[in-house]
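The analysis underlying the following values was restricted to heavy atoms, covering all of them including side chains, and did not include hydrogens, waters or symmetry mates. Computed from a predicted model, the values in this text were never measured in an experiment.
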Amino acid sequence: MNSLGRYGLWATWRVWPTGAEAIAEAAREVEALGFGAVWIGGSPGDDLGLAEAVLTATGSLVVGTSIVDIWTSDGEQLAASHERIRRAHPGRFYLGVGSGHARTAEARGQSYTRPLSRLRDLLTGPLAAVPSEERMIAALGPKTLAAAAELTAGALPYLMPPAHTAAARGILGPGTLLVPEQKVFLGDDPVQARAAGRQALRGYLTLPNYTRQLVRYGLDESDLAGEGSDRFVDSAVVWGDASRVRAGVDAHLSAGADHVAVNVLTESGMPTELPLPEWRRLADVLGLVSR
């Protein structure tokens, strides 16, 4: 597989433009800025068309899904899409899958029992043809992290602090990829930063798969009540001047991450369109060298 480098960009598929040339232009700029990878969130479709378009437009950029929801995807179609992509772009694509959220499954009339069993069934069934070194899973708890080490190239934790990264590395052991997502806000006004953070984070405060882990790593129930405490927002979103933002991202690397998927917020929270201006600023903050 191509090198991920230290830093990548995380963005939901919804913020990418729809036209092929617009996608290509944005992808080429991301590569030119010096980022090593793009991680496509929000459960992109099983055809993996956006991932393929980004890969086609670039020469060395790595692309991963972070993640495709196993409750809503068709495993056989997903495997076929992966095979098409790996033939055209060998060594440049990670298929990231995960069990999503209970409400996602329930909204479609599905049972959300034993998500790890469902994940294992997918990896050993329809996705068995996908080489283990080319697939990853969303993993927060110890059992899922252990499954990542056993069955895949590595883990894609989301919304977790560096302390979780350190614990995850201990479970994964050496040689297994660890790619946490980290939200950042490029500004040092605490009112603006926390307002953006709350907009981006409010949906996660009712999801026990996240809140259980956050309580294990320094927060308590009062931090997760209502719109979340300042302590919760500050633990989930790195903000401040350039040195503080870089230090917050690099804390995951120091804790054992191989690469950090940086999720840049705007003043309104999660971006509603591709945040290219913020990505350009982030490249400077992280000291990336333009290609």
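Proximity of a side-chain donor or acceptor of Ser73 to a complementary backbone N or O of Asp46 within less than 3.5 Å is not detected. Using a distance-only test at 3.5 Å, with no hydrogens or angles considered, no donor-acceptor pair links the side chain of Arg216 to the main chain of Gly141. Listed for the Arg135 side chain is a donor-acceptor partner under 3.5 Å among the backbone atoms of Leu127. Not a single donor-acceptor pair under 3.5 Å links the side chain of Arg120 to the backbone N or O of Ala147. Side chain of Trp71 to backbone of Ser99: a donor-acceptor contact under 3.5 angstrom is found. The main-chain N or O of Leu286 is found under 3.5 Å from a side-chain atom of Arg246 such that the two form a donor-acceptor pair. Listed for the Ser43 side chain is a donor-acceptor partner under 3.5 Å among the backbone atoms of Asp69.
For Val238, the side chain to side chain contact (heavy atoms under 4.5 Å, CB included) test picks out Gln182, Val184, Val245, with sequence neighbours left out. Residues satisfying the side chain to side chain donor-acceptor pair (under 3.5 Å) criterion with Arg281, sequence neighbours excluded, are absent altogether. Arg28 pairs by the side chain to side chain donor-acceptor pair (under 3.5 Å) definition with Glu21, not counting sequence neighbours. Applying the side chain to side chain donor-acceptor pair (under 3.5 Å) rule to Arg202 yields no partners; only residues at least two apart in sequence or on another chain are considered. The side chain to side chain contact (heavy atoms under 4.5 Å, CB included) check on Asp121 picks up nothing, with sequence neighbours excluded. In this structure, the side chain to side chain contact (heavy atoms under 4.5 Å, CB included) partners of Ala149, at least two apart in sequence or on a different chain, are Leu172, Thr176. Not counting sequence neighbours, the partners of Leu140 by the side chain to side chain contact (heavy atoms under 4.5 Å, CB included) test are Pro157, Met160, His164, Tyr210, Gln213. Not counting sequence neighbours, Arg6 has no partner by the side chain to side chain donor-acceptor pair (under 3.5 Å) test. Take Trp10 and apply the ring pair (Phe, Tyr, Trp, His ring centres under 6.0 Å) test, not counting sequence neighbours, and it matches Tyr158.
Pairs engaging residues 203-212 under the salt bridge (Lys or Arg N to Asp or Glu O under 4.0 Å) rule: none recorded [sequence neighbours left out]. For residues 86-96, the salt bridge (Lys or Arg N to Asp or Glu O under 4.0 Å) pairs, not counting sequence neighbours, are Glu83-Arg86, Glu83-Arg87, Arg86-Glu134. Applying the ring pair (Phe, Tyr, Trp, His ring centres under 6.0 Å) test to every pair with at least one member in residues 270-291, sequence neighbours left out, gives no pairs at all.
Side-chain atoms of Asp223 and Ser229 form a donor-acceptor pair, as typed in the model, at a separation below 3.5 Å. No donor-acceptor contact under 3.5 angstrom links the side chains of Glu278 and Thr266, judged on distance only. A side-chain donor-acceptor contact under 3.5 Å links Trp239 and Asp234.
Side chains of Leu253 and Tyr7 form a contact here, defined as non-hydrogen atoms less than 4.5 Å apart. Residues Val38 and Leu61 form a side-chain contact, since some pair of their non-hydrogen atoms from C-beta on lies under 4.5 Å apart. Tyr94 is listed as a side-chain neighbour of Met1, based on a closest heavy-atom distance under 4.5 Å.
Within a 6.0 Å sphere centred on CD of Glu133, other residues, nucleotides and ligands contribute more than 12 heavy atoms. Other residues, nucleotides and ligands place no more than 12 heavy atoms under 6.0 Å from the CD atom of Glu25.
With respect to the salt-bridge test (charged N to carboxylate O, under 4.0 angstrom), the residues Asp47 and Arg84 do not qualify. For the pair Arg169 and Asp258, the salt-bridge criterion is met [side-chain N within less than 4.0 Å of a carboxylate O].
Tracing side-chain contacts under 4.5 Å through hydrophobic residues (I, L, V, M, F, W, Y), one never reaches Leu145 starting from Val215; they form parts of separate clusters.
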Test log, rule side chain to side chain contact (heavy atoms under 4.5 Å, CB included), inputs Ser235 and Leu219: CA-CA 9 Å; Ser235 71; Leu219 300 178; 3.9 Å; yes
Residues His252, Val262; criterion side chain to side chain contact (heavy atoms under 4.5 Å, CB included); working and verdict: CA-CA 11 Å; His252 286 283; Val262 185; over 6 Å; no
Full working for side chain to side chain contact (heavy atoms under 4.5 Å, CB included) between Thr56 and His89: CA-CA 8 Å; Thr56 299; His89 307 286; 3.3 Å; yes
Full working for side chain to side chain contact (heavy atoms under 4.5 Å, CB included) between Leu95 and Thr65: CA-CA 6 Å; Leu95 178 61; Thr65 54; 3.7 Å; yes
